Amino acid sequence: MRKFENQVQLIKYEVLKEVSKLAFKGTIKEERHKIPKTIIPGPEPRSRCCIYKERAIIEDRVELAMGGNKENKNIIEVLDIACDACPINRFVVTEACRGCLAHRCSEACPVGAIRHVGHKAYIDNNKCVECGRCREACQYNAIADVMRPCREACPVGALSIDKDKKAVIDNEKCIQCGACVYQCPFGAIVDKSFIVEVIDLLNRAKEEDIHVYAAIAPAISSQFYYAKIGQVVNGLKKLGFYDVVEVALGADIVAQHEAEEFKETIEDKGVMTSSCCPAFVSHINKNYPMLKDKVSSSVSPMIAISRLIKNIDDNAKVVFIGPCIAKKMEIKEKDLYGTTDYVITFEELAAMLDGAEIDLEYLEEDSLDNASFYGRVFARSGGLTEAIRHVVGKEKYDIDFEPVICEGMKECEKALKIAKANKLKCNFIEGMACEGGCIGGPASLHHGPKDRGQVDKYGKEAMEKDVKDSIRIFNIDGIELEREIEKDL
Ligand code: SF4
């Protein structure tokens, strides 16, 4: 029995599943208009005011599930029609207001936005500057902060509200972390999907000499709780993937490379940051340009594994499958473009499998064993640090490795600020935009503390116990593992 975290995730899944179903059938263009009625059959609405609005929203969701607005380079879009239920003003006086004599709220307000009528305070929203001092001053907690969840979630202030009271994303500021997608309670902010293009590729691969590889992120070990990893691998092959490869092997390669880079450059750099989380790297590019030269020049595990696959197989196309939305943007970066062909998320994979009527629970288990323990635990925070520490120790590098592990943008921001001021007491920053690391990604099927344990269990099941053991099986000579940390889309 499939479980969903909430109705937003369920509706997203239903749309992706219907789109997948028609794409596999080859009739998506002709039959896409049927999807809104399939999902909202009526006569009763599911959660909004009427079925007509719900169907109109589904129509827009179908558009995004088919790639969305090509003019908008951002991978994340606001569904205007679905964005209409949040409070417009941030601070609201509630029923708890006692109409006291002290009027500490209006005394605290620096712009005179509060007046008292009868026995109640009122906020003039034309004057309010959202400083929150009134809220802090009220002894009855009678002033509520109802900041829009998307704005609250955005770590870089990329979200604002337009004159029609709709959320707007500033693409120049956005780092594609996906926090707004995950936090919007109405599902009004959505990541574009490329499942139709991936399904088209899989369909073409049946006729043409194309080998479509599924590169699965190690976070998958905590996701398909209703099936074993081996059954997911089998399911991917049934979908038409030529083979399934662990991105954790790319993580092993990156760990070895990054440890060597650390040894060679840390004296000059003073501090080095990880480079595998695209939202973290984007944040440095956009907001801490003075720290760009501290970012490791290693490509991400996704790019490393894609290059390895393409080095081995001339007919390869690579589809990365993971919990991350920012990866959809990473593959478009100028110096990486064409390396990984598509990115789909775990949410999208689950919908594709169900759209193709592949029931994982009843499949035989296929094998998957490309990576070491260390590559696999990259999926959770602290994993990358463990891997580098392991290489530093194993290779007996004569250096001090003093890491700080940052999970979530708040912790990243704190470490970067201190590094900018040259006051960081450590010499390595592991930066992951999502809490918990990749397993906390916005497009994970579920989130929670158990996921970390699942990743560790998966790590311990690896046949290869050492980073070098897994790398030495493959010839990685000649694979470019360095890149310029400069975004130019
Ligand atoms: Fe802000 Fe992240 Fe949403 Fe971009 S994706 S608008 S950075 S929360």
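Keep in mind that this is a model prediction, so the values were computed, not measured. Remember, it's 1-based here, ligands and their atoms both numbered in the order they're listed. Position 1 is the first residue of the sequence, and the numbers go up from there.
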Quiz item: Which word best sums up how the rings of Y374 and H390 line up, parallel for under 30°, tilted for 30 to 60°, or perpendicular for over 60°?
Solution: parallel
Practice problem: Mind listing the protein N/O/S atoms less than 2.8 Å away from atom 2 (Fe) of ligand 1? Waters don't count. | Solution: C177 SG
Under 3.5 Å, sequence neighbours excluded: what are the donor-acceptor pairs made by side chains of residues 403-411?
{"from": "E407", "atom 1": "OE1", "to": "G436", "atom 2": "N", "distance (Å)": "2.5"}
{"from": "E407", "atom 1": "OE2", "to": "S381", "atom 2": "OG", "distance (Å)": "3.4"}
{"from": "E411", "atom 1": "OE1", "to": "E407", "atom 2": "N", "distance (Å)": "3.0"}

Quiz prompt | Salt-bridge contact K310-D341 (side-chain N to carboxylate O under 4.0 Å) | solution = yes
Practice problem: Would you mind listing every salt bridge (charged side-chain N to carboxylate O under 4.0 Å, His left out) that reaches into residues 445-457, with sequence neighbours excluded? | Solution: R380-D456, K457-E461
Self-check item: Test of ring centre spacing under 6.0 Å for F4 and Y13
Solution: yes
Quiz item: For residues 411-433, which residue pairs qualify under ring pair (Phe, Tyr, Trp, His ring centres under 6.0 Å), counting only residues two or more places apart or in two chains?
Solution: F401-F428
